[in-house]
Amino acid sequence: MLDPKLLRENSKHLAERLATRGFSLDVAHFEILEKERRQLQIKTQDLQNKRNLSSKTIGEAKAKNQDVKTLLEEANTLNEELKTTEEQLTTIQNQLHELYLQIPNLPQTTVPLGTSEKENVTIRTVGTVPSFSFTPQDHVALGSKNNAMNFDLASKITGARFVVLQGQLARLQRALIQFMLDIHTKEHSYQEIYTPYIVHRDSLLGTGQLPKFEEDQFALKGEHPYYLLPTAEVSVTNVLRNEIIDAKKLPLKYVCHSPCFRSEAGSYGKDTRGMIRQHQFEKVELVQFCLPESSYELHEALTQHAEIILQRLALPYRVVALCTADLGFSAAKTYDLEVWLPSQNCYREISSCSNFEAFQARRMQARFRQGTNKPELLHTLNGSALAVGRTLVAIMENFQDADGHIHLPSALWSYMGGIKIIT
RNA sequence: GGAGAAGUGGCUGAGCGGUUGAAAGCGGCGGUCUUGAAAACCGUUGAGAGAUAACUCUCUCCCAGGGUUCGAAUCCCUGCUUCUCCGCCA
């Protein structure tokens with residue numbers, strides 16, 4: 001959510017900045033609502049004040065055993081007017097709140113302008129793309145050996161866009177999770193955290209998945225409006241919802257492994273083959289809470305933390321700054337990490353590292369306090385480090401040999417019980 | 001799943017339906033004292049919103065949402081959470 005004050009004072013300017021990311025704000029409509037809200041609020045508060053005073057008078061009169069009949073009649077008339085005014089105010093406040101929830105974050109000033117993902121800017125390219133003396137297979141073909149990666153089996157159990165991993169591939173996925181968690185906890189000093197995989201509406205509202213992206217979520221049937229976790233960003237960021245934390249404790253850094261569930265509505269026909277786009281996948285997520293003045297510095301650092309995983313795994317990748325048009329709803333700035341996939345002969349997203357500034361914190365009322373100052377909104381950051389399923393795919397495809405064996409990067413050997421090659 | 005109890009400020013904890021935004025204690029902050037610290041003493045100390053050029057003033061908030069009432073932290077209903085007991089269970 002944007003700062004309502006800022007929006008009121010600068011609606012035209014903000015509308016221009018929002019337009020760069022393809023969002024059109026109806027300034028006229030907004031200003032009408034705001035004007036109405038303001039008038040109704042003043043009127044309501046005035047009537048409430050009168051009501052409070054009159055009640056006090058009645059109390060005092062009663063204490064002196066005076067007759068309060070006329071006072072009561074006056075109070076009743078006042079209350080009728082107050083009631084309708086309050087209802088009008090509530091209606092308009094709700095309308096405004098709905099509107100606020102629909103407005104995406106402002107792109108930060110360094111975000112490249114663009115009208116489509118084609119205008120994303122590559123910041124750096126790391127590692128060398130492998131060259132093969134044979135035609136490399138994709139992970140689906142590689143994984144079909146011994147049924148180690150089995151999509152038919154998954155669809156028998158559940159349906160399309162799920163996978164069953166068996167044997168050494170299942171182990172490799174587990175090894176990757178451990179490997180990533182170890183690096184972030186030991187080398188980057190993140191606190192490991194385990195959270196529920198089911199969340200309620202308020203959590204999704206807090207991080208910005210709702211109300212706009214309802215169709216991307218898996219909603220659970222039952223008496224509670226529960227959803228499957230689309231990313232640990234949701235559960236971990238909401239740790240500080242409605243909290244005021246001591247500035248001395250900042251930055252707060254969490255790492256969380258979780259499965260992620262996405263309905264992938266609207267992506268029919270996209271990446272239908274293989275493990276790239278699934279309804280369920282594993283991810284290791286980094287989340288940070290920090291002071292506003294340090295969020296951009298920490299955003300760079302967090303991106304580095306994700307990059308280090310790719311480097312240790314010897315995977316070729318590039319870092320891309322998303323342009324205004326490609327920015328996610330809640331993000332002010334995002335770097336995507338894209339890993340090389342030989343079968344597709346291109347780089348594919350494996351991580352997304354974003355600075356949300358105060359956008360999520362305002363929705364969540366996540367604040368900090370410095371000394372005895374007034375509470376202020378935190379800045380939140382997060383990034384995948386990494387998407388585990390896609391990392392598995394990248395390892396299989398980049399490190400295959402002519403026989404279809406996978407030569408594991410040395411960083412994983414100890415996590416695989418000494419296994420260096422998956423045959 | 002069944003039966004009970006409870007949810008008040010950073011924490012502990014009072015609070016007959018009417019100057020209670022809320023006693024008291026702890027903690028925090030400022031001060032006195034002290035070479036310094038501790039102790040003691042004094043003062044101060046919630047959040048959000050609106051009006052105003054400003055001093056200030058007003059409104060809302062005692063888990064959440066409804067209701068009763070001129071007036072609700074206090075009464076009623078629903079939900080959520082926590083605790084205790086029973087049942088079931090990885």
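In what follows, every chain begins at residue 1, and chains take the letters A, B, ... in the order their sequences are listed.
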For this session: Indicate yes or no for a side-chain donor-acceptor contact from A/His139 to the backbone of A/Met275 under 3.5 Å, with no hydrogens or angles considered.
Result: yes

Atom CZ of A/Arg241 and atom C1' of B/rG48 are separated, to the nearest Å, by 17 Å

To the nearest angstrom, the CD-P distance between A/Gln66 and B/rG18 comes to 18 Å

Check your understanding: Looking only at atom C1', what distance separates B/rG17 and B/rU74, rounded to whole Å?
Key -> 7 Å

Re B/rC88: Watson-Crick or G-U wobble partner, both distances kept under 3.5 Å, found to be none

In Watson-Crick or G-U wobble terms, with both distances under 3.5 Å, the base opposite B/rU82 is B/rA5

task: Answer yes or no: is there an ion pair linking A/Glu34 with A/Arg37, defined by an N-O contact shorter than 4.0 Å?
output: yes

Original post:
If we take the C1' atom in both B/rG15 and B/rG65, what is their distance in whole Å?
Top reply: 24 Å

Check: Does the ring center of A/His407 lie less than 6.0 Å from the ring center of A/Phe399?
Finding: no

Less than 6.0 Å separating the ring centroids of A/His299 and A/Tyr335? yes

When rounded to whole Å, the NZ to P distance for the pair A/Lys43 and B/rA51 reads 17 Å

- [ ] For nucleotides B/rG4 and B/rU78, find the distance between their P atoms and express it as a whole number of Å.
- [x] 13 Å

* Take A/Phe368 and A/Phe289, measure what ring-ring contact (aromatic ring centres under 6.0 Å, His included) needs, and give me the verdict at the end. => CA-CA 10 Å; A/Phe368 68 92; A/Phe289 302 90; over 10 Å; no

Pairing partner of B/rU74, by Watson-Crick or G-U wobble and under 3.5 Å for both distances, is none

- prompt: Say you pick atom P in B/rU12 and the same atom in B/rC61; how far apart are they, in whole Å?
  reply: 24 Å

When both distances are under 3.5 Å in a Watson-Crick or G-U wobble arrangement, the nucleotide paired with B/rG21 is none

Taking atom P in both B/rG48 and B/rG9, compute the distance separating them and give it to the nearest angstrom.
-> 16 Å

### Query
At under 4.0 Å between heavy atoms, what does A/His200 touch on the DNA or RNA strands: base, sugar-phosphate, or nothing?
nothing

Check your understanding: Is A/Glu264 salt-bridged to A/Arg161, cutoff N-O under 4.0 Å?
Key -> no

Atom CZ of A/Arg38 and atom C1' of B/rU52 are separated, to the nearest Å, by 11 Å

Atom CG of A/Asn373 and atom C1' of B/rA47 are separated, to the nearest Å, by 15 Å

Any strand, both distances under 3.5 Å, Watson-Crick or G-U wobble: B/rC55 pairs with none

*Anything under 30° is parallel, anything over 60° is perpendicular, the rest tilted; go ahead and classify A/His184 against A/Tyr190.*
perpendicular

Whole-Å C1' distance, B/rU81 and B/rA64 | 10 Å

| said: Work out how far the C1' atom of B/rC42 is from that of B/rG46, and round it to whole angstrom. | reply: 23 Å

With B for base contact, S for sugar-phosphate-only contact and - for none (protein heavy atoms under 4.0 Å), nucleotides 55-73 of chain B reads ---BSS---------BS--

Re B/rU60: Watson-Crick or G-U wobble partner, both distances kept under 3.5 Å, found to be B/rA47

Between CD of A/Gln93 and P of B/rG50 the distance, given in whole Å, is 10 Å

Across every strand shown, the nucleotide meeting Watson-Crick or G-U wobble geometry with B/rU34 (both distances under 3.5 Å) is none

_Contact under 4.0 Å: A/Lys374 side-chain N or O vs B/rG48 OP1/OP2_ = yes

query = Looking at side-chain heavy atoms only, is the closest gap between A/Asn146 and A/Gln166 below 4.5 Å?
reply = no

When rounded to whole Å, the CG to P distance for the pair A/Asp202 and B/rU81 reads 13 Å

Taken to the nearest whole Å, CZ/A/Arg369 to P/B/rG9 is 14 Å

Between A/Arg367 and A/Glu60, whichever has its closest RNA chain B nucleotide further toward 5' is A/Glu60

Is the A/Phe261 to A/Tyr197 ring centre distance short of 6.0 Å?
-> no

Remember a base hit wins even if backbone is also touched, and classify A/Arg8 as base, sugar-phosphate or nothing at under 4.0 Å, heavy atoms.
sugar-phosphate

- Message: What's the gap between B/rG79 and B/rG2 when it is taken at their P atoms, as a whole Å value?
- Response: 12 Å

Re B/rA39: Watson-Crick or G-U wobble partner, both distances kept under 3.5 Å, found to be none

